[in-house]
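To find a chain, count down the sequence lines: A is the first, B the second, and so on, and within it residues start at 1.
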Amino acid sequence: MRADQLDKNEYFYGHKACAGCGGSLAVRAALKVLGERSIAVLPAGCMSAVGFNFPQLCFGNNAIISMFAGTASMLTGVEAGMRRRGYKDFHAVGLAGDGGTADIGIQALSGAIDRGDDILYICYDNEAYMNTGIQKSGLTPYGARTTTTPAGRNIRGNIRPKKNMFEIVAAHDIPYAATATVGYINDFIDKVEKASKIRGTKFIHVIAPCPTGWGIPVSDTIEVAREMADCGLWYLAEYENGKFTLDRDPGEFKSAEAHLRRQGRFKHLTDEDIDLIIKSRDEKWEKIRREWK
Amino acid sequence: MRRFLSGDEAFAEGVRLAAPEVISAYPITPQTVVVEKLSEMVEDGSLDAEYIHVESEHSALSCAIGASAAGVRTFTATSSQGLLYMAEGLVYASGGRFPIVMMNADRSTALPWNIYGDQRDSLALLDTGWIQAYAENAQEALDMALMAYRIAEDSRVSTPFMVNLDGFILTHTYETVDIPDEEQARAFLPPYETENRFDFDSPKNIGFSAGPETNYIFKYKEHAAFERAVGVIEESERSFAGIFGRKYSGLIDTYLTDDADYIIVTLGTIAGLCRDVADKLRSQGIKAGVIRLRYVRPFPGKEIAAAVGSAKAIAVLEKDISFGNAGTVYTNVAAALQWAGVTAPVYNFIGGLGGKDISSDDVRRIYDDTAKGTDRVTFIGIEGDAQ
């Protein structure tokens with residue numbers, strides 16, 4: 001399905017997300033794919049903060065804010081409850097940020113996958129706690145400056161690599177997991193559509209740049225998101241039937257250095273820092289190309 | 001049908017009769033028997049419910065909230081640290097007006113680690129917007145399971161309901177219990193109907209943010225629901241008596257209070273011992289009485305004041321302490337009596353912490369000290385050097 005073939009109805013409309021927000025694009029597109037018979041569960045985070053301000057409620061479908069740690073567990077209850085009411089053709093979809101997924105929500109997510117609950121969990125990853133003002137999360141990449149990983153003389157931003165959420169989820173033997181980016185929105189849409197047709201727990205990890213947090217112009221969201229995959233700092237892959245598949249090999253990478261240098265959050269990085277990031281990227285891709293055919 | 005059951009087992013029977021459609025369960029001593037029994041009922045088909053093995057208490061309540069938002073009857077149970085781990089969900093459930101019923105096995109809270117019964121877990125969470133009831137025996141526990149759903153789900157109330165059973169003393173002791181039949185239960189408890197649920201024909205955003213302009217209105221509505229709950233509790237008990245033939249006395253249960261000079265106000269299983277001691281004191285010419293709080297939220301302030309009447313002194317005996325002040329039940333009772341213009345002194349006795357036995361001698365001493373006058377707060381068993 002192409003973006004221009006999507007449902008013309010809007011299910012996330014009138015919200016107050018910032019200009020250039022990648023997360024709101026992911027939510028908007030996902031709900032267009034899933035349609036009106038979906039129930040969206042959003043924990044504390046950007047998308048709930050911008051969409052659920054009484055009396056201006058921005059979800060055209062059924063929706064609820066969950067506890068921060070409780071996206072997946074609430075989805076479990078919603079799915080079970082609606083099924084008990086006799087509904088079969090609906091989607092219980094979670095739309096959680098990176099902190100809500102990889103940090104505080106990972107236990108509930110693991111529990112839901114373990115139970116095999118019939119839910120779709122989408123993590124829109126803007127790589128920090130953006131709603132609270134850009135603090136480091138488990139999905140903040142190495143080197144990034146956030147308001148809790150300042151770039152100073154002694155420490156140059158975040159000293160830990162991005163948590164490997166996709167493979168952590170896959171290790172549960174989940175029926176379907178995928179990575180995506182709003183930079184390749186058609187790919188994301190396809191994956192949401194595919195996930196919506198699979199029974200059991202599904203997980204999609206979509207990169208969603210935050211111009212404010214990343215220090216990029218609001219007009220560059222899509223370009224930067226695309227470039228991140230093209231330069232190998234993100235990858236588009238799936239896990240299905242116990243197998244990893246790489247969906248897109250960019251072949252020769254675009255310049256990772258240029259990609260990093262254009263973002264304010266990486267401005268402080270030295271040449272050595274960037275070499276380290278490239279080295280770690282190359283190691284990752286060696287494994288991906290070897291194992292995820 | 002009469003059966004010999006523990007408090008936990010009796011409560012599980014009550015839940016079976018209430019027929020929740022989604023049960024989220026995570027084990028913790030001394031609640032465990034309840035979730036075990038329910039899993040057996042689901043397995044043998046005597047209870048048709050989705051039984052969800054959540055991975056934590058936080059998820060247990062989160063899952064129950066999700067299912068309640070989907071519009072079905074839900075149940076969960078916990079105790080102690082588990083209840084505290086749920087604390088965030090407690091305010092969530094009440095603020096969302098989800099009439100979830102939860103059993104809490106009242107148990108001490110760490111540190112020091114302790115699995116035995118006191119009421120510090122639930123009383124620490126009085127302000128979370130849940131109705132809180134305290135059962136005294138297994139029959140009352142079973143009956144409260146049914147009544148909890150009826151009261152919580154009443155559209156005038158729409159408030160979650162926590163039924164508390166003293167850990168071990170009630171959860172694990174056996175007594176003969178009358179189990180109503182399913183037809184009676186259905187007559188008492190109608191199916192759950194609500195507009196506070198997802199709807200594909202008319203989609204709803206159920207949980208949301210409300211800023212300073214409107215937030216207080218939502219909070220006032222929660223408070224007002226508790227005031228209405230008092231009448232709904234009365235109604236439910238009348239209906240219950242009509243169908244099952246067992247009568248309950250509303251927010252409080254009084255014993256020999258009409259002409260009492262000295263009254264112990266307490267809650268939970270210890271009330272039985274207090275009544276025994278009151279009997280003995282009466283035989284010696286001392287006019288002793290007992291008030292047992294069946295509900296702590298809504299708080300029976302007026303009812304306590306009326307029952308206290310012109311008593312000369314009042315003791316509040318509880319298995320709880322709010323460090324740096326007094327027991328929480330005490331501060332609630334004292335405030336209610338002050339408001340009602342009762343000028344008799346009110347003393348606080350803290351006992352039973354971490355499962356420490358409260359003996360009949362202890363209770364007799366409470367009456368003695370109350371008659372003579374004592375410190376505002378007394379820790380039973382702590383004297384002189386122990387301090």
#### Entry: Derivation and outcome, side-chain contact (heavy atoms from CB on, under 4.5 Å), residues B/Asn205 and A/Ile64
CA-CA 6 Å; B/Asn205 290 195; A/Ile64 185 169; over 6 Å; no
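- At most 12 non-hydrogen atoms from other residues, nucleotides or ligands lie less than 6.0 angstrom from CD of B/Glu195.
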### Message
Is there a side-chain contact (heavy atoms from CB on, under 4.5 Å) between A/Arg85 and B/Arg197? Walk through the geometry before answering.
### Response
CA-CA 11 Å; A/Arg85 279 177 60 195; B/Arg197 68 176 191 187; 3.3 Å; yes
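- With chain B as partner, the option from A/Tyr87, A/Phe68, A/Phe52 having the largest number of non-hydrogen pairs under 4.5 angstrom is A/Phe52.
- The CG atom of A/Asp117 sits 7.5 Å away from the SG atom of B/Cys63 when rounded to the nearest 0.5 Å.
- In this structure, the portion of A/Ser38 lying under 4.5 Å from any heavy atom of chain B is its backbone and not its side chain.
- Ranked by heavy-atom pairs shorter than 4.5 Å toward chain B, the options A/Ala49, A/Ser110, A/Gly81 are led by A/Gly81.
- Interface remark: of the candidates B/Ala69, B/Ser56, B/Ser202, B/Gly71, B/Ser56 forms the most heavy-atom pairs closer than 4.5 Å to chain A.
- Here B/Asp48 pairs with A/Arg84 in a salt bridge; the nearest charged N to carboxylate O distance falls below 4.0 Å.
- With rounding to the nearest 0.5 Å, the separation of NE2 in B/His53 from CG in A/Asp114 is 10.5 Å.
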### Task
Report the C-alpha separation of A/Asn61 and B/Phe200 in whole Å, then their side-chain angles, then the decisive distance to 0.1 Å, and conclude whether the side-chain contact (heavy atoms from CB on, under 4.5 Å) test is met.
CA-CA 8 Å; A/Asn61 51 310; B/Phe200 290 126; over 6 Å; no
### Residue pair B/Glu213, A/Phe54: steps toward the side-chain contact (heavy atoms from CB on, under 4.5 Å) verdict
CA-CA 10 Å; B/Glu213 309 77 24; A/Phe54 180 83; over 6 Å; no
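- When ring centroids are compared, A/Phe90 and B/Phe198 stay outside the 6.0 Å threshold.
- The 12-atom threshold is exceeded at CD of B/Glu88, counting heavy atoms of other residues, nucleotides or ligands nearer than 6.0 Å.
- No side-chain donor-acceptor contact under 3.5 Å links A/Asn62 to the backbone of B/Pro203.
- For B/Tyr51, no part lies under 4.5 angstrom from a heavy atom of chain A.
- For the options B/Val54, B/Thr74, B/Asn215, heavy-atom pairs under 4.5 Å to chain A are most numerous at B/Val54.
- Heavy atoms from other residues, nucleotides or ligands lying under 6.0 Å from NZ of B/Lys219 number more than 12.
- Atom OH of A/Tyr13 has 12 or fewer heavy atoms from other residues, nucleotides or ligands within 6.0 Å.
- With a 4.5 angstrom heavy-atom cutoff, B/Ala60 does not touch chain A via any of its atoms.
- More than 12 heavy-atom neighbours from other residues, nucleotides or ligands sit within 6.0 angstrom of CD on B/Glu40.
- With contacts defined as side-chain heavy-atom distances shorter than 4.5 Å, the pair B/Thr214/A/Pro55 does not qualify.
- Of all heavy-atom pairs between B/His58 and A/Gly70, the closest is CE1-N, 4.2 Å.
- To the nearest 0.5 angstrom, B/Phe208 atom CZ is 10.5 Å from A/Asn53 atom CG.
- Of the two parts of A/Gln107, the backbone and the side chain both hold a non-hydrogen atom closer than 4.5 Å to a non-hydrogen atom of chain B.
- Between B/Met86 atom CE and A/Met67 atom CE the span is 9.0 Å, to the nearest 0.5 Å.
- Ion pairing between B/Glu55 and A/Arg115 holds under the 4.0 Å rule for side-chain N and carboxylate O.
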